[in-house]
Amino acid sequence: MSVSSSFPRAAFLDVISANFHFVENFQNSELTGTARKGLAIVTCMDSRISPLAVVGMQAGDAKILRNAGARVTDDVLRTLVLASYLLGVNRVLVMPHTDCRMAIADEASIHATIKQQFGVDTSSLEFRTVSNQREALAEDVTRIRSYQLLQKGVSVAGAIYNVSTGKLEPVDC
Ligand SMILES: [Zn+2]
């Protein structure tokens, strides 16, 4: 395997191995970095979510922004500004999900869990947990809609993804 010697091979063996097969069947050479369907999805890092598959899209169609809890942070806004002016994005879907740890536990209890299990104090970080997922979604959608630097005319919506059924529930924001 032609990977550099400082690469932790054992930990990534399946990853590198799978990529060899991926390359054999690779058909996306002609794609550009522009979102062909004009869509950006802001969603959670939860491994049960395959954002493109959820909305019937493929590589090349949409921009995917992910973090814990699908929160609209400064970095998400920064990325959406670039996407809206330079990468073809004209609509944004904020998509948190059911059974999200960020909406079930509160800030203090997550810090306490990490402290208790690993002995590390993470209290200098804000994990941005939410106590009311729908309210937080509405706030996040409003934050994008009212962001002055975003390209005018971008359509912004919120929907909750159900990890048990695969269904998207549009939310009034
Ligand atoms: Zn989540």
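Positions are given from 1, in the same order as the sequence printed here. What you see below is based on every heavy atom in this structure, not just the backbone, and it leaves out hydrogens, waters and symmetry mates. Keep in mind that this is a model prediction, so the values were computed, not measured. Order of appearance sets the numbers: ligands from 1, and atoms from 1 within every ligand.
- Between D46 and R101 there is no salt bridge, since none of the side-chain N atoms of the basic residue sits less than 4.0 Å from a carboxylate O of the acidic one.
- Under the 4.5 Å side-chain contact rule for hydrophobic residues, L137 and L65 share a cluster.
- The number of heavy atoms from other shown groups lying within 6.0 Å of CG (N132) is above 12.
- Here the protein contributes C44 SG, H97 NE2, C100 SG as N, O or S atoms under 2.8 Å from the Zn ion (ligand 1).
- A salt bridge is absent between R145 and D140; no separation between the charged side-chain nitrogens and carboxylate oxygens falls under 4.0 Å.
- Distance alone, capped at 3.5 Å, places no donor-acceptor pair between the R128 side chain and the E107 backbone.
- Under the rule for a salt bridge (Lys or Arg N to Asp or Glu O under 4.0 Å), the partners of R36 that lie at least two apart in sequence or sit in another chain are D61.
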